[in-house]
Asker: 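Once you've had a glance at the structure underneath, I'll fire off some questions.
Letters go in sequence order (proteins before strands), and every chain restarts at 1. Computed over heavy atoms, backbone and side chain alike; hydrogens, waters and symmetry mates excluded.
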2 protein chains.
Amino acid sequence: MNDSRPIRAKSGTNHEGTSAHNRRVMIDALRINGALSRADLARATRLTKQTVSNIIEELERDGLVGSRDAVKKGRGQPSTPYGLVPQGAFAIGLQIDRHVTRAVAVDLVGSVLVRAEAGLPPRGPSRGTKVILDLVAGVRSKLEIIARQSERRLVGLGVAMPGPFGVDGSGDDPWMMAAWQQFPLLETLAAGTGLDVGLQNDAAAAATAERMVGAAHGLDHAVCLFVGYGIGAGLILNGELYGGANGNAGEIGMALLFADGKSTPLEHRASLASLYEHLSADPADPALHARINDLALRGDPSIQAWVKAAAVDLRWSIHLIETIFDPQTVILCGSAPEALVNSLIAAVGPLLPSIAERRGRTLPRLQPGMADPWSVALGAAAGPISRAFDPRFAAILKDSL
Amino acid sequence: MNDSRPIRAKSGTNHEGTSAHNRRVMIDALRINGALSRADLARATRLTKQTVSNIIEELERDGLVGSRDAVKKGRGQPSTPYGLVPQGAFAIGLQIDRHVTRAVAVDLVGSVLVRAEAGLPPRGPSRGTKVILDLVAGVRSKLEIIARQSERRLVGLGVAMPGPFGVDGSGDDPWMMAAWQQFPLLETLAAGTGLDVGLQNDAAAAATAERMVGAAHGLDHAVCLFVGYGIGAGLILNGELYGGANGNAGEIGMALLFADGKSTPLEHRASLASLYEHLSADPADPALHARINDLALRGDPSIQAWVKAAAVDLRWSIHLIETIFDPQTVILCGSAPEALVNSLIAAVGPLLPSIAERRGRTLPRLQPGMADPWSVALGAAAGPISRAFDPRFAAILKDSL
DNA sequence: CTTATTAAGTCAAATGTATTGACTTAATAG
DNA sequence: CTATTAAGTCAATACATTTGACTTAATAAG
């Protein structure tokens, strides 16, 4: 009679969950609106003045918020706005790419304080791990010099690398990512740094960055179409990054397209990888990024031809994203050179008709996002900040400890 | 200096939010696992035995749960399992389709107690409203006869109709849905019934039904691919139905496919609408559903040809859904005749390779869901039940009242 | 210049829920 | 028959928000 099938249930909550949520809501409000008075916060969050006062006092003790100069606006006692203190928290972001790894340190408001980059030796984790740990250690010590006490306020290490994760077969990038997939990376990094470690794919990281400091700031429904070596979509749904059942949601670049009687993944047609092939360029060449940016700026015909072809696929991808997600806006971003992304954005219009064409739109259907080799590392770093401070359902639950 | 730009913030929560969440978690646990003892509930929800006792007592007072026979399992005091009481709550679901409207009454566990159907006169809401209100009134009075006191326990009226909602242009179905889109339907129904009214598109409704009583029961990440007159995807993400920024998420049928030099929406190629056209059948013919079911069962060659062609597009849709959402499973369901859906499921395999191919899968990539003309109405009714009793982020917030 | 009004923010007590730890009940194992 | 184990209750406590009165500090109006 021992039927010990596991009982599945969501976790309950208690006072601490309530309090944690309210703290996060407060921080979120300050992040979206800038400095606000306690009275404003009370109105916006529907909490009482007293509760807001208590929480603000606590956040101030914790060094997360600080008061600004009082403002007199009309009758009544002048209000004292409170704003986020950038030095209230820090996080390290780590991008692991095919030939290179980048680490950044960011603060509570998402400003990048330290950057560092290193080449990744071939043969994957066996030698790469040391390079990465050294890189992170270097960033941490530089951060500690710039921002005293930052070690104490480090909320985590966010890692971003190309997905998908945990999928059968090695995928289509034999260079090295498959080796990293096998390796217990998160455990190794956690052990090597003593930090909480989280993982995202690079498109998700880009979306996390856009939400903290970019075009998706303050939006609850946005999709970032990320053009890098591959193509992915970072999904902001209900104000949170959506990862799917296994963290692989948004791997749109692996979508198979059928044309001319054969099937091809989207990212073989419109990603940087496809451009490199089109140009017969060596992806490992460190000067390539700048050269492509240059060519794109000058209107190089070979680049233009690729842009024109890629724009067709991206236009369709945007249409599909709008149709499936019904977001407030789509953001086109990438680790591709900025001039190239700008060319793509210019070439991708006019957009295809979709359900996004509705009365009373306030945001453009398509917005440019970051196009910067560092944006993925920034997003990686934004991950732990978001997990620690943004309002989310999981944060009220008792097992989120 | 009067900068009265609105302040945007998420809502805070308080003790009642906590309590509401814990009640919902309790109900959810009983729905997923069947009857459980207080001790089991305490372990599963991570609440204390005492808290669970308090909440169970309250839920029992409210008539939502009831005790079952004590079970002796090993040492210790026998446990008393508590389970949901079906008569604890009721909801009415209303499907508004092109030529027909259906209403059902369901109870807390999603059993259909009453069904009623009526033809919809042409010219849209002007005359249709009365038909609908009469239909709902009829269902309510029949329900009251079957289940005494049900009126008092009616949590709402859920409406399902084809989307998309609020989009420019009339869409591609001139028959009548455009007229319904203009009309203040929800307000009219709320006024005419005195009930809380909610709206979903039909694919979302189907997903809601699958989650309450079907293949998505207990799943937090599932996508229902719904084949009806049109095609849509009902998205269960993080345990909640996802509607997007405007309730139009999942309108995958409107995705444009490019082939043979022209673009065609998916649902012009693979929906019932396309089958009707293929057969030169009149969609308004009430006998059509049964006839198609019959033909499909008998292996009619014309049907088989359509199935074969549609399966290609559906196979690709499933691949796309897996690639973009990374769900635990995809469910193929529809208002199409059951035999037809079964043919489609048979013809759609083998599935395309995707990130869904991973080590340690427990659920099939594709599962059959409901294929029943009443499933949308059932899902419509499941909507209010879910909103009232399922755990969700919005339910803890102060503005969810 | 004085007073009324308005709004921000504080204080202390009250309220609502979950928690704690001791206790009771009731079964099985040995 | 007794020890052990587990379910469930009781009473007191802890925690976070709420309530309503109060204080502070500004502008508007006469």
Asker: Please check the phosphate of D/dT18 (OP1 and OP2 only) for any side-chain N or O of B/Asn14 closer than 4.0 Å.
Answerer: yes
Asker: Choosing from C/dA18, C/dA8, D/dG8, which nucleotide comes nearest the side chain of B/Ile55?
Answerer: C/dA18
Asker: Considering all heavy atoms of both residues, which atom of A/Thr329 and which atom of A/Arg361 are nearest to each other, and what is their separation?
Answerer: CA-NH2, 4.3 Å
Asker: Want to settle it: does B/Gly74 or B/Thr48 sit nearer the 5' end of DNA chain C, counting the closest nucleotide to each?
Answerer: B/Thr48
Asker: Does OP1 or OP2 of D/dA16 have a side-chain N or O of A/Asn54 closer than 4.0 Å?
Answerer: no
Asker: With rounding to the nearest 0.5 angstrom, report the OG to CD distance, B/Ser53 to B/Glu58.
Answerer: 12.5 Å
Asker: Below the 4.0 Å mark, does C/dT25 have OP1 or OP2 next to a side-chain nitrogen or oxygen of B/Lys72?
Answerer: no
Asker: Of the candidate nucleotides D/dG8, D/dT17, C/dA8, which contains the atom at the shortest distance from the side chain of B/Thr80?
Answerer: D/dG8
Asker: Between A/Thr18 and A/Gln77, who's closer to the 5' end of DNA chain D by nearest nucleotide?
Answerer: A/Thr18
Asker: Starting from the 5' end of DNA chain C, give me the residue, A/Arg38 or B/Ala20, whose nearest nucleotide shows up first.
Answerer: A/Arg38
Asker: Under 4.0 Å between a side-chain N/O of A/Asn22 and OP1 or OP2 of D/dT17, yes or no?
Answerer: yes
Asker: Give a yes or no on whether a salt bridge exists between A/Asp28 and A/Arg31, defined as a side-chain N under 4.0 angstrom from a carboxylate O.
Answerer: no
Asker: With a 4.0 Å cutoff (strictly under), does any side-chain N or O of B/Thr51 reach OP1 or OP2 of C/dT19?
Answerer: yes
Asker: Would you sort out whether A/Tyr242 and B/Asn238 count as a side-chain contact (heavy atoms from CB on, under 4.5 Å), showing the intermediate values?
Answerer: CA-CA 8 Å; A/Tyr242 183 72; B/Asn238 284 328; 3.6 Å; yes
Asker: Regarding D/dA16, can its base be found pairing with the side chain of B/His15 as donor and acceptor, where the two atoms are less than 3.5 Å apart?
Answerer: yes
Asker: So, B/Glu144 side chain and B/Glu151 main chain: donor-acceptor pair closer than 3.5 Å or not?
Answerer: yes
Asker: Taking only N and O in the side chain of A/Lys398, is any of them less than 4.0 Å away from OP1 or OP2 of C/dT19?
Answerer: yes
Asker: Check the phosphate of C/dG30 against B/Arg75, side-chain N and O only, distance under 4.0 Å to OP1 or OP2. Yes or no?
Answerer: no
Asker: Below the 4.0 Å mark, does C/dA7 have OP1 or OP2 next to a side-chain nitrogen or oxygen of A/Arg43?
Answerer: no
Asker: Would you say B/Ser53 places a side-chain N or O within less than 4.0 Å of OP1 or OP2 belonging to D/dT9?
Answerer: yes
Asker: What nucleotide among D/dG8, D/dT18, C/dT17 has an atom nearest to a side-chain atom of B/Glu16?
Answerer: C/dT17
Asker: Would you say the side chain of A/Gln50 and the base of C/dC11 hold a donor-acceptor pair, judged only by whether the two atoms sit under 3.5 Å apart?
Answerer: yes
